[in-house]
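Structure, as C-alpha cells:
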There are 2 protein chains.
Amino acid sequence: MSADQNPNAGSETAAKPPRRDPFDLPDVSGLTVGILGGTGPQGRGLAFRLAAAGQRVVIGSRKAERAQEVAAGVAAAITTDGRGELTGEDNAACAAASDLVIVAVPWEGHRDLLLSLEEELAGKIVVDCVNPLGFDKQGAYALRPEEGSAAQQAAAVLPRSRVTAAFHHLSAVLLADPDVERIDTDVLVLGDDRAATDTVQALAGRIPGMRGVYAGRLRNAHQVEALVANLISVNRRYRAHAGLRVTDV
Amino acid sequence: MSADQNPNAGSETAAKPPRRDPFDLPDVSGLTVGILGGTGPQGRGLAFRLAAAGQRVVIGSRKAERAQEVAAGVAAAITTDGRGELTGEDNAACAAASDLVIVAVPWEGHRDLLLSLEEELAGKIVVDCVNPLGFDKQGAYALRPEEGSAAQQAAAVLPRSRVTAAFHHLSAVLLADPDVERIDTDVLVLGDDRAATDTVQALAGRIPGMRGVYAGRLRNAHQVEALVANLISVNRRYRAHAGLRVTDV
C-alpha cells in the first residue's frame, strides 16, 4: 500500500468545502509561547530558537527560580537582534501567561502535570512534543500509551484545550548550538483543529530552516512520536543529528 | 526527549567492536530480486525502477500468466539502456528463483502467503514493505498487528529467512511515471541482521534519487509502517506525492 492509494479519497472529495491554501498560515508573531518542562534540553533548545526568532517565551518549571535562572541563561546566549522577551515561571503561571503551550516534559510525569494544569490550559493551544520511549541494551523502543499516544493522552486529560502534537524530531544538541544558524528539518504537526495546527505550523516556520507540515489527525500521533526511536538508531549508526524533510511539499 | 539523548549510549560505546563505515555497502548488481505481489501498484513500480537500474527482477503473482503479462508491460515501459531481465512467475517460483524477495502484497493476505512460502524463502533476505492500515471517513489510520508490525509478523512466520523492512513510503504514482527520472526520497531500512540491511540499503541506492538509510531494528518497524497514514494526510492536504529525507546523514 503506498501513500497515494486511498480508497476514500474519491468519495470525500465530493463532500469537501472549497480547498484552503495549506501554505496560507496565520501571523503568530504576537503570541506568547509557554514551554512546560522548559528547563530540559528540548525545552531549552526550543526556547532559545523561538526567542531568537522574536517570539515572547515563558519557560515553565516546577520551581519558578529554576525557570528564571534557565531563562536568563538562554537569553544571554542569544546574539541576534530582535530577541523576544524570555522569562521563567512555575508551570502553572507559565500556562496561565501563555497563548500557546508546548509540553516538553519527560513522559513519566506527563499525565499528572497536565491534569494539574487543566484549568490554566483551558481554551489554549497545547503542543505536545513528548516521545514515550523505553531503553534497553539494544537501544530505544516505542512505548504505547493506553490512550494511543502522548498527544491523545493530553487530549483526554485536557478536554477544554486545543491539543496538537509537533516538534518531536528535533535534535536538542542542534537547537542549543548558537553556531547552528538553521535547523534543517520539517516539523510534522498533528491535530484535529485546523486553526490550531495552522498556528503551530506557523510557529515552527518562525525558526530559520524549519517548516511546519501538517501530517494528520491526533489519532495518527503515535507513530510520529515513536519514530524518535528510529532516529536514535540513525544517529548512532551515522553519528548524526538526524532530522526529517518531507519531499514534494 | 530528543533523539540525541540516549541513556544507554555511553555504556554501549565501550563494548562496541570497531565501527564499520555505514556508507560502505555491498555490490548488489548481481542479485535477482523477486517481488511478491509484484502486479500491484507498489510492486509494479518497484519492478520498473529496479529493472530500469539494471537489476534482474522476477515479478510474482498468484498466477504465473498474470505475472508474465505484467512483467512484459513493465519491461516495455523501460526506455533506458542496461535494463535488467524482467520475468514473471507464480509466487512460489518467484521466491525460489530470487536471492532477495520484496513482499508487496496487501496486508490482508500477508501472513498466509508468507506461511505458504516458508520453504522457498529459507535463507533469503526478505524485504517487507507492507503497511497495515485501516480507512474510514476521516482517512487512514494505523492497524497494530499482533506481532507488533507486518515485518515482525514476517519474521515470526519465516524463522529461517533474514527479514528486513523497507520501501514503505514510496509513491506508486511516482515510481510508475516514466517521466519522473529521480525519486526524491530516502528509504528507511530496518532489520536485526547488518549484512541484510546493508544489502537492502544498497538495493535502494540503485534507484536514481533514492538512498537506503538504516533506521533501526525490526522491533521499531511499526511506526515506520504506520507513518504511511501520515503521508496520506500530507498528500491530501498538499496535493503531493510526499517522500521523506533524513537530514544530517
Side-chain angles (χ1 to χ4, degrees), chain A residues 1-9 12 22 41-42 45 106-107 130-131 133 135-142 169-173 175 184-185 188 190 213-217 219-220 222-224 226-238 240-249, chain B residues 1-9 12 22 41-42 45 106-107 130-131 133 135-142 169-173 175 184-185 188 190 213-217 219-220 222-224 226-238 240-249:
Chain A
M1 167 77 61
S2 80
D4 32 40
Q5 299 168 259
N6 179 352
N8 291 322
E12 280 206 47
Q42 178 92 341
W107 167 239
V130 173
N131 308 295
L133 293 182
F135 290 89
D136 62 18
K137 281 183 188 167
Q138 296 193 327
Y141 57 93
H169 303 141
L170 305 176
S171 159
V173 172
L175 285 179
D184 182 17
T185 196
L188 303 181
L190 296 100
V213 175
Y214 173 75
R217 291 175 176 270
R219 67 176 183 174
N220 281 317
H222 167 68
Q223 54 266 28
V224 172
L227 200 68
V228 173
N230 302 85
L231 294 180
I232 288 172
S233 296
V234 171
N235 288 345
R236 189 183 292 186
R237 174 69 57 95
Y238 297 95
H241 298 293
L244 289 177
R245 283 281 183 209
V246 181
T247 58
D248 200 38
V249 167
Chain B
M1 167 77 59
S2 81
D4 31 42
Q5 298 168 258
N6 179 352
N8 292 320
E12 281 206 48
Q42 178 91 338
W107 166 239
V130 173
N131 308 297
L133 292 183
F135 290 89
D136 61 19
K137 282 185 188 167
Q138 296 195 326
Y141 57 94
H169 303 142
L170 305 177
S171 158
V173 172
L175 284 179
D184 181 18
T185 196
L188 303 182
L190 296 99
V213 175
Y214 173 76
R217 292 175 175 270
R219 68 175 181 173
N220 282 316
H222 168 68
Q223 54 266 30
V224 173
L227 202 67
V228 174
N230 303 86
L231 294 180
I232 288 173
S233 296
V234 171
N235 288 345
R236 188 182 295 187
R237 173 68 58 95
Y238 298 96
H241 298 294
L244 288 178
R245 284 281 184 208
V246 181
T247 59
D248 201 38
V249 168

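What you see below is based on every heavy atom in this structure, not just the backbone, and it leaves out hydrogens, waters and symmetry mates. Naming convention: chains lettered A, B, ... in sequence-line order (proteins, then strands); numbering from 1 in each chain.
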### Message
Heavy-atom pairs under 4.5 Å with chain A: which of B:Arg217, B:Arg245, B:Arg237 has the most?
### Response
B:Arg237
### Query
So, for A:Tyr214 and B:Tyr238, which heavy atoms are closest and what is the spacing to 0.1 Å?
N-OH, 2.9 Å
#### Entry: Spacing of CG belonging to B:Leu231 relative to CD belonging to A:Gln223, to within rounding of 0.5 Å
9.5 Å
### Message
How long is the straight-line distance from CZ of A:Arg219 back to CD of B:Gln138, given to the nearest 0.5 Å?
### Response
5.0 Å
### Message
Test your reading of the model: is there a side-chain donor-acceptor pair from B:Asn230 to the backbone of A:Asn220, 3.5 Å cut-off?
### Response
yes
### Query
Which heavy-atom pair separates A:Leu244 from B:Thr247 by the least distance, and what is that distance?
N-OG1, 3.9 Å
### Task
Please confirm whether the backbone N or O of B:Ala240 pairs with a side-chain atom of A:Asp248, one donor and one acceptor, at under 3.5 Å?
no
### Query
Among A:Ala229, A:Gly216, A:Gly243, A:Ala142, who wins on heavy-atom pairs under 4.5 Å with chain B?
A:Gly243
### Query
Which answer fits A:His222, side chain, backbone, both or neither, if we ask what part of it has an atom under 4.5 Å from a heavy atom of chain B?
side chain
### Query
So which heavy atom on B:Ala215 is nearest to which on A:Ser233, and how close?
C-CB, 4.0 Å
### Query
Does any heavy atom of chain A fall under 4.5 Å from the side chain of B:Leu190, the backbone, both, or neither of them?
side chain
### Task
Could you look at B:Asn235 and say if it's the side chain, the backbone, both or neither that has a heavy atom under 4.5 Å from chain A?
side chain
